Amino acid sequence: GGGGQIGDTGGSGDGKRMVLIPGAAAEPFYISMECGFREAAGAKGYAVDVQAPAKFDSTLQTPIVTGVLANKPGAVLIAPTDDKAMAGPMKQLKDAGIKVVEVDTKLEDTSVAVSTVSSDNEQGGRLAAQTLAQLVGDKSGSVLVLNTKAGTSTTDARAKGFEDEVVKHPNLRYVGQQYTDNEPDQAASKLTATLAANADLIGVFATNLNTGEGASTGLRNAGRTGSVNLVGFDASPKQVEDLRAGVVQALIAQDPATIGRTGAEQAIAALEGGDVKRDIETNLVAITQADLQAKEKYFYKQKC
Amino acid sequence: MTPDVRERTLAQRLLGANTLWIALVLLVLVAVFGALRPDAVLTTFTLQTTLVETAVLLVLSVGMTYVIITSGIDLSVGSVLVFSGVTSAMTMNSLHGGDATGAGWGTVLIGLVVALVSGAAWGLLNGLLVARTGIPALIVTLGTFGAALGAGQLISNGSNVSGVPAVLSDNLGTGTWFGVPNLVILAALVTAVGALVLGTTRFGRHTYAIGSNEEAARRVGIGVTGHLVKVYLLAGTLAGLAGFMALAYFRVASITGHDTDNLNAIAGVVLGGTSLFGGTGSVVGTVLGVFIPAVLRKGFVIVGVNVYWQPIAVAVVLVAAVWFDQSRRRARNRR
Amino acid sequence: MTPDVRERTLAQRLLGANTLWIALVLLVLVAVFGALRPDAVLTTFTLQTTLVETAVLLVLSVGMTYVIITSGIDLSVGSVLVFSGVTSAMTMNSLHGGDATGAGWGTVLIGLVVALVSGAAWGLLNGLLVARTGIPALIVTLGTFGAALGAGQLISNGSNVSGVPAVLSDNLGTGTWFGVPNLVILAALVTAVGALVLGTTRFGRHTYAIGSNEEAARRVGIGVTGHLVKVYLLAGTLAGLAGFMALAYFRVASITGHDTDNLNAIAGVVLGGTSLFGGTGSVVGTVLGVFIPAVLRKGFVIVGVNVYWQPIAVAVVLVAAVWFDQSRRRARNRR
Amino acid sequence: MADPLLDARDLVKRYGGVEALRGASFTANAGEVVSLIGDNGAGKSTLVKCLSGVEQPDSGTVVFDGAEVALPTPTAARALGIETVYQDLAVAPDLDPAANLFLGRELRKPGLLGRLGVLDKKEMRRRAAASFRDLGVALQSVDVPIGALSGGQRQSVAVARSVVWASRLVFMDEPTAALGVVQRERVLDVIRRVRDQGMAVVLISHNMPEVLAVSDRVEVLRLGRRVARFRAADTTVEELVGAMTGALSQEDA
Amino acid sequence: MADPLLDARDLVKRYGGVEALRGASFTANAGEVVSLIGDNGAGKSTLVKCLSGVEQPDSGTVVFDGAEVALPTPTAARALGIETVYQDLAVAPDLDPAANLFLGRELRKPGLLGRLGVLDKKEMRRRAAASFRDLGVALQSVDVPIGALSGGQRQSVAVARSVVWASRLVFMDEPTAALGVVQRERVLDVIRRVRDQGMAVVLISHNMPEVLAVSDRVEVLRLGRRVARFRAADTTVEELVGAMTGALSQEDA
Ligand SMILES: Nc1ncnc2c1ncn2[C@@H]1O[C@H](COP(=O)(O)OP(=O)(O)OP(=O)(O)O)[C@@H](O)[C@H]1O
Ligand SMILES: Nc1ncnc2c1ncn2[C@@H]1O[C@H](COP(=O)(O)OP(=O)(O)OP(=O)(O)O)[C@@H](O)[C@H]1O
Ligand SMILES: [Mg+2]
Ligand SMILES: [Mg+2]
């Protein structure tokens, strides 16, 4: 007779407060998202708070969700770090009457959030492959994917999209992906090792910031900057600078500020009884040196 | 010449207990956070979630306590947890046509056995290598740390495994019993048994003896090799159980996010007064040592400390807690 | 009754050297990979890149060798590296109007000093806490591990700092001298000095003595507290230097990606024959111990081992190498 | 004379370049105290370690009770009824005296609990206290770790442990070195008592009067080899010292 | 009589609930060997530790050379010219004998290298070999770690270390316990020589004949208190044993 579920004991909270729980602290992507969020929520007179896990990791994000839950805000914007593992904690948010809006990433279980604002990572990977194929033209050679850690859903999706697309280009020989533990020095080392084994390497897709930085370091050490086309993901200031300097040939950028802004708007709509759209997709763009100026608005920010 | 043999009184024992002061630190922490945000901290909900989020780590740390008391170390626990979760989830899925979400207790039981056996296998490997070859435990378990994770990725083809039976996650994962989360009850049981075995049995005594002076233990005829194998086997099996618990709680066998479980477990054990050089320590201390960082992190989130300040604050309190504990203990010895 | 005192011959010393067998392991590894892919492995390019990619870790490991010989441990090195890189890069930037890319040697020199001082400061903190308070080194440095990273994030507001002077990255970062990367020359210098100081000086002797029997060292009048502070200070300063080197190499002060530097450095040191219980070890061993995993990782990518098998293969070779080393050494002692 | 209980022949033991034993032989008979003496570094402790399974000799044979035996581990030696007080004591410094006395042979509670491995700490403490009283050891407190005891107290624990458990042979490597006058007498009494129960006792000591007082026979080791054997009744301190220092040596030792 | 070199009064030292010293006093004069004797656990080693800066007494005063001194660290004691052979030897087991002999006082190479801290290992080894020869210690190899030496060899290293460096007072806590007959004589010779150089030597030993042979005075500790003092020439083994066991006690000790 003593059975029950965690969180059965509820209460009511502060409806004029919103919390953003990004996937990780300190990433320009999430900082840009935070900027959009603060701007939109602040404009409507909401108190805002941001609680980020130190790393993109569901075991670190879970205690934050429950900690935030203890404070009972009106709405929570969250980038779930795992599409299943975060379902439990996020469901608790919902059960406590908090409006949940997913930003950037989403749960497999679509019944938890009132709205999802995201860009499609797999689509981004495909875009990367297309961009690389354009950069290479009709030259042929090997291409490599530098991924982070096995099991990281976002970067795995990017790699998968790339893989699906790259095989459609017969002049590009896909040599597979290497995991780097998200450490720049491993990325550099694995890149130079691949170069040693495949002298005809002409393209590299680095699935996030750290792998991109490691890859450019590796290429620089090998003296192959420029001759091997490096496509990065995201557009943090350093990456943009590298693109400008010709270290990186293309970047696949998301639009985090819009995600944050739209997420806040959806949350407010849900709280105030407005119109809530269940799924919103934001743009992904490929930036190359040629259209650098034109796409300035997609650059990520270090601070608001 | 008559032996002047006195036993210590209960009060002396309690005051002398290595765990008293660190327990005090924990109490103070809770009191401080409670005073800052009584509405959010001192609630059943916060208590429940703090306990449940620490349950998995606690189970890992109980095994780690044994290992460290033998003056060994086990860096592999986090990876073994991942491996066991993956094998368990995949077995359950394959028994139930690829998705075990709707599976029954029978499947869950098989999953549990698979998790335990997977963990035990890695533990056995660790134990055999450490006990028989003279390779430092750090190297052996650093090896299995990488290998178990790699094996888990290999089996799951690099992605998280879902399809955890709902009966498992609803009951063990998030269920409660008179308000106490079932996961916490399980962890408490494991901890209690671990503490009793260590404190009152021959097995526990030999664990201390080996850590205190391995050569002496060998010379008095303790089967040091066999005992060490058993200790690592225990740590591995508990890591397997922890993997199963994580499966129930997170509803997915995640292959990321357990890189620092080993350091967290070690820190909890050492914080609880167990010496890295072996020979002394207790499971009760470990419990306290595991909860201090957990309470801190939780408290800081609730109180709303800036994310970048959080690790700094945790570090300061951690070091201060041990400092306090150490100087209290020293004062007691000087008394 | 006349003392039968013999000195060992050079050959005996060499054969007796603890590092001989692990050096052999490294040679065998290179030979095997070389035989499998002679065109890709035995090239100047692969040699250069392997050396340069290991340079930063090597500098960290030299400091770690000292710490472990005193029977301590330093988990904070990776975070201190990050912190030093951040402070150094930000100082250079602020001296040059927000972007130091075009800055000259003067700015670089100031950046170097800032990196060293930042590292030294954390080292000093570690040293003071370990030596004066009796808090286990594991706890102290686990604390500073979190705190230094948090402080780095706080200062940089959580993001990577770019704007590294081109003169720095072009010269130290990617420059070579008669084909040898400058970064490697720097690391080799640090290592050589580290090895000489440990092996031939009073400072080195005291380091061994403290690790071998701290109480004995104290009783013969060695300033154990001061010495320990110096050892952690050294490790911190070298981590600062490593941070500066990483800055030159990556052209950015990264915040993430150094979580496992500590374990990598410790593994290298232990692989090189230094005991975690202190008192024995050598810098030469550490060099070999650092290169074995580096060569393995590189070799497996070149040879084209499946990504999921790579960590498993690394683990197996790592454990096998130490096993071989151990049993050879034991055989030598039995000879 | 009856067959010796223990007969070791031509044991050789090298540590790296150091030859600790260079063909050492040694004999012990049941019901007799035999002293093993020799200079520092003569190889006495090494011999004891080889005969109690702690170290493996590089060559040589060991005959126990008429049969050639191998002693690969201390457990093998203990199984034959051989107990040893090691010179370096081999105690667990973090455990208390009672725990050390019963180490490896802990008493368990009666009944189910015992079968589960639960220790009977009270009984062990009681018996330990009795053993210590027997040896004249005064302890101010029984639950301090043994590492905090005085040198002599620690040695008494090691001695107590060996005589409690031995059934055939006891090696005692300098058991009285750190003992006070009274405790030393007690230990010598214990040695005689053990001998009278029919066991063999091998005593290593640098105290010649003590050696002559308690032993039936004396064997002398020098530079890793047996160089002389004496009946205690027929010899003098001078003769023993002469044998140890090489001034005197016997052909057939 | 001149003022004593060292005069300790009413030292109390507690470890948790254990009272190791309960108001112990002790006196040593320059140019004299004074033996400190007592039962196991009487507090002798504790007293030595308190007087050599290793432990801090809870109360009591220490007068050295006419002035009250505090001995917060071993270094403070060494600065006063006090050296100690500890019962637990306090050597670094991983270092070789020469390194242990010179530990904390390493010789450096002449010139710049020396100023940089570079050790003169050869010279240290040479001098160490000479010291060991002096004490009659035979080592098969000088570069094995001291942990691999025989018990007596290790003890000789500790003794050598103390007499090489002392200038005013040497505490020797059971320095001969593990020594062979010859080495023991050498150490006693060394003790006399040191005394004749005008230093004070404090000898702790359980070997009464040895105590009477080498000392000028004897002080007896019992249950943490000084219970008797004797001139060695005027006393007997029986009297000493009586004092140690409590059968005999002096009013004004
Ligand atoms: N593990 C070891 N490694 C190297 N040499 C060793 C080792 N053990 C012993 N020896 C050497 O072997 C010789 C014999 O040592 P052993 O301990 O047997 O002497 P002992 O007769 O017991 O001396 P003591 O009376 O001083 O105890 C010594 O020269 C010692 O240095
Ligand atoms: N660190 C400690 N903790 C607790 N008790 C201690 C400690 N050190 C010594 N004692 C106790 O203090 C008493 C005196 O010990 P001490 O070593 O001074 O004796 P001792 O006279 O040197 O004896 P021995 O002749 O056996 O060496 C003993 O009862 C011992 O158990
Ligand atoms: Mg011996
Ligand atoms: Mg003593």
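Just so it is clear: chains get the letters A, B, ... in the order the sequence lines come, proteins before strands, and each one is counted from 1. For clarity, every value in this text was computed on a predicted model and none was experimentally measured.
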Counting only heavy atoms closer than 4.5 Å, note whether [X] contacts chain C via side chain, backbone, both or neither.
X: B:S275; value: neither
X: B:L142; value: side chain
X: B:L129; value: side chain

Straight-line distance of [X] [atom1] to [Y] [atom2], nearest 0.5 Å:
X: B:F145; Y: B:L138; atom1: CZ; atom2: CG; answer: 11.5 Å
X: B:D74; Y: B:I68; atom1: CG; atom2: CD1; answer: 9.0 Å
X: B:Y208; Y: B:S282; atom1: OH; atom2: OG; answer: 6.0 Å
X: B:L128; Y: B:I135; atom1: CG; atom2: CD1; answer: 11.0 Å

### Task
Give a yes or no answer on whether the side chain of C:N262 reaches the backbone of C:G78 with a donor-acceptor pair at less than 3.5 Å.
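Checking the backbone N and O of C:G78 against the side chain of C:N262, no donor-acceptor pair under 3.5 Å is found.
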Side chain, backbone, both or neither: which part of [X] has an atom under 4.5 Å from a heavy atom of chain B?
X: C:T260; value: neither
X: C:V314; value: neither
X: C:N157; value: both
X: C:L154; value: both

### Query
Do C:Y66 and C:Y232 have ring centres separated by under 6.0 Å?
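No, the ring of C:Y66 stays outside the 6.0 Å limit from the ring of C:Y232, centre to centre.
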#### Entry: Contact leader toward chain B among C:W323, C:Y308, C:F277, where contacts are heavy-atom pairs under 4.5 Å
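The answer is C:Y308.
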### Task
Give the member of B:I312, B:V317, B:L318 that has the highest number of heavy-atom pairs under 4.5 Å with chain C.
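Highest number of pairs under 4.5 Å: B:I312.
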### Closest-packed option against chain C by number of heavy-atom pairs under 4.5 Å, given B:D259, B:L263, B:I155, B:V270
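Of the options given, most contacts go to B:V270.
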#### Entry: Side-chain heavy-atom pair C:I292, C:I22 within 4.5 angstrom cut-off
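Sidechains of C:I22 and C:I292: in contact.
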